[in-house]
Amino acid sequence: MSVLDTFQAAAKAAALVLGLSLFALFIGLFLAIRTPAFAAEVNVTADLGQSVLPTQGGKVYLRLSLKPVETEVRESRPPVNVALVLDRSGSMRGKRLEAAKEATEMALSRLGRDDIVALIAYNHNVDILQAAERLTSHQDLQQAVNRLRADGTTALFAGVVEGGRQVEKELSERRINRVILMSDGQANVGPSSPGELAKLGQKLGGKGISVTTIGLGLGYNEDLMQRLALASDGNHAFAETPSDLVKIFNSEFGDALSIAAQDIEIIIECRKGFRPRRILGRTADIEGNRIKLKLNQLTGGHERYLVVELEADANTRAEPDDVAQVSVNYIDLDAGSRRDAKADVSVSFSTDQKAQEDSIDKAVMSQVAAQIATETSERAVELRDKGDVKAARKLLQDNAAYLAKSRAQYGSGPGAASASIVGTLNQLEAQNSEAASNLDGDEWSKTRKTMRYEQHKAKRQQSY
């Protein structure tokens, strides 16, 4: 080989090495850009509705806010472990069953090969159309759904039990574990009371399985469906017509596919001189000065909050007092590990009334007002159920006026609540006014279902 040939061969080898090096560098840069540098964390803040209290003490509200802070765009989402539980009883015949089939097709199209899917159909019997397994064929599942025919009665409890059993078979902290129930009727085979279904929801929620309930039409039991969802920290929706169902399924899977954290354990330790009375809109274990509760899931980019009502003792000390320490432990689905977050909150005492008024946190008190109004709305339903239409209407009208006053008080001036929070008060005001005008005769069935749906959304800060 000549000197020239040797030189040319060496040059080609060097070019090849350089090309491979540049390619490796490009791949490294691509991965560095595409791979999240940090996992999503949950930002936990604790604030009081009023940070300066009168020296004689009194009622004060603690608002605990949880919101994921996504530092990078996700490269991939966590896998889903879901059981779709479909009512195929006789009342589903026609457009309702066809809409359920269409909604199921849409849901399946949003899932992939890393997702676990079980498909359950029930009337007076429960049929496992597909046991929990990885989704390998949308077409096979859809064909099984398309073969469904509506007949028989409604073993709703048994259908949910089987859906939970299928999800539990593949239960994982790294997956989003959910049962989605759709029904248009009353549970009339097996356990059928709201209390019994709430206990089932609590049992599944304790295992990390949330239950979403979707009521279709005006014939289903909204108390049963709403309490089942709430007990498991799941979503609830009301689809008045079959055409609403696909839109709701789309929202539900948008929610399910964007979960950032789950199995969220919250402990609030109140300091001496501050006694916890209750949590608005939720149930929790309160032992002495300690509050303990659990949320199953937290959606990316979406705030969830809790409002605790505290009673403060009289205090004449000038320096601030610690009110409570908050500890939150959760599973970060991006990182696949547990994380901790803490927050503290303190308060001052003063005889200066202006200082007390100036210390009001309008954003916190707007959310307190929303939860108080939701409780009032629930009492209005109870009055209407007892046949006292006049008292129910008066309560709803007064509630609308309370919301309007809160919106004016907290939605303007220095430190005003955000437009979204004020918008929530405005929506609740409109809903209470409309409900007050629709408590009679045939209107009540639709009004009641709408009220239960809106109450659920307010309690959970549901995204749809």
Side-chain angles (χ1 to χ4, degrees), residues 42-50 61-70 226 229-230 233 235-240 244 247-248 250-252 254-255 258 260 279-282 295 297-308 360-381 395-438 446-447 449-464:
V42 174
N43 184 29
V44 178
T45 58
D47 299 287
L48 296 175
Q50 184 176 345
Y61 293 101
L62 167 65
R63 190 275 312 269
L64 177 64
S65 171
L66 298 90
K67 186 174 182 179
V69 180
E70 297 184 3
Q226 191 261 344
L230 191 63
D233 197 32
N235 294 329
H236 170 64
F238 165 38
E240 183 179 359
D244 295 330
K247 180 174 68 174
I248 289 172
N250 194 47
S251 297
E252 171 63 17
D255 178 275
S258 63
I279 294 187
L280 275 64
R282 289 189 171 273
L295 304 179
Q297 296 167 344
L298 186 63
T299 306
H302 183 67
E303 180 198 35
R304 294 186 72 181
Y305 68 87
L306 312 169
V307 174
V308 183
I360 291 175
D361 188 318
K362 294 182 178 181
V364 172
M365 290 308 299
S366 293
Q367 292 176 322
V368 171
Q371 293 303 316
I372 290 175
T374 298
E375 290 188 343
T376 304
S377 172
E378 290 178 320
R379 289 199 300 274
V381 171
L395 192 57
L396 288 168
Q397 289 169 342
D398 290 346
N399 207 25
Y402 165 72
L403 286 159
K405 181 180 178 181
S406 299
R407 177 167 49 83
Q409 182 178 0
Y410 306 130
S412 60
S418 68
S420 62
I421 295 177
V422 174
T424 297
L425 295 182
N426 192 46
Q427 289 172 5
L428 291 172
E429 178 191 346
Q431 290 160 10
N432 278 262
S433 295
E434 183 177 359
S437 301
N438 293 283
K446 177 182 175 181
T447 299
K449 287 173 171 56
T450 301
M451 290 177 72
R452 284 294 189 230
Y453 175 34
E454 299 299 341
Q455 289 160 4
H456 189 89
K457 286 172 63 178
K459 286 180 175 183
R460 288 194 72 256
Q461 298 89 55
Q462 184 172 306
S463 60
Y464 68 89

Does any N or O in the side chain of [X] come within less than 3.5 Å of the main-chain N or O of [Y], such that one atom is a donor and the other an acceptor?
| X | Y | answer |
| --- | --- | --- |
| Asn399 | Leu395 | no |
| Gln461 | Lys459 | yes |
| Lys247 | Ala239 | no |
| Gln371 | Ala458 | yes |
| Ser377 | Ala373 | no |

Minimal non-hydrogen separation, [X] against [Y], with atom names:
| X | Y | result |
| --- | --- | --- |
| Gln462 | His456 | OE1-CD2, 3.2 Å |
| Gln297 | Arg304 | O-NH1, 2.7 Å |
| Ser406 | Ala369 | OG-CB, 3.7 Å |
| Ala417 | Val422 | O-CG2, 3.8 Å |
| Gly301 | Lys67 | O-CE, 3.8 Å |
| Glu429 | Ala400 | CG-O, 3.5 Å |

Notebook entry, point to check: Stepwise, does the side-chain contact (heavy atoms from CB on, under 4.5 Å) test hold for Val364 with Tyr305?
Noted result: CA-CA 10 Å; Val364 172; Tyr305 68 87; over 6 Å; no
Spacing of [atom1] belonging to [X] relative to [atom2] belonging to [Y], to within rounding of 0.5 Å:
| X | Y | atom1 | atom2 | result |
| --- | --- | --- | --- | --- |
| Ser437 | Gln397 | OG | CD | 7.0 Å |
| Leu280 | Thr374 | CG | OG1 | 9.0 Å |
| Asn426 | Ser420 | CG | OG | 12.5 Å |
| Gln455 | Glu378 | CD | CD | 4.5 Å |
| Leu298 | Glu303 | CG | CD | 9.5 Å |
| Thr447 | Arg452 | OG1 | CZ | 13.0 Å |

Notebook entry, point to check: Any cation-pi pair here, Lys457 with Tyr453, using under 6.0 Å and within 45°?
Noted result: yes
Notebook entry, point to check: If we only count heavy atoms from C-beta on, is the Thr450 to Phe238 side-chain gap below 4.5 Å?
Noted result: yes
Checklist line | Any side-chain heavy-atom pair of Tyr61 and Ile372 under 4.5 Å | finding: yes
Note to self: Tell me if the CD atom of Glu434 is crowded by more than 12 foreign heavy atoms within 6.0 Å.
What the structure shows: no
Check: Any Lys/Arg nitrogen of Arg282 or Asp233 sitting under 4.0 Å from an Asp/Glu carboxylate oxygen of the other?
Finding: yes
Check: Cut-off 3.5 Å, side chains only: do Arg63 and Gln367 have a donor facing an acceptor?
Finding: yes
Note to self: I'd like to know whether Leu48 forms a side-chain contact (heavy atoms from CB on, under 4.5 Å) with Asp361, so could you lay out the CA-CA distance, the side-chain angles of the two residues, the decisive distance to 0.1 Å, and finally the verdict.
What the structure shows: CA-CA 7 Å; Leu48 296 175; Asp361 188 318; over 6 Å; no
Next item on the list: Would you check, one step at a time, whether the test side-chain contact (heavy atoms from CB on, under 4.5 Å) holds for Ser366 with Leu425?
Entry: CA-CA 7 Å; Ser366 293; Leu425 295 182; 4.0 Å; yes
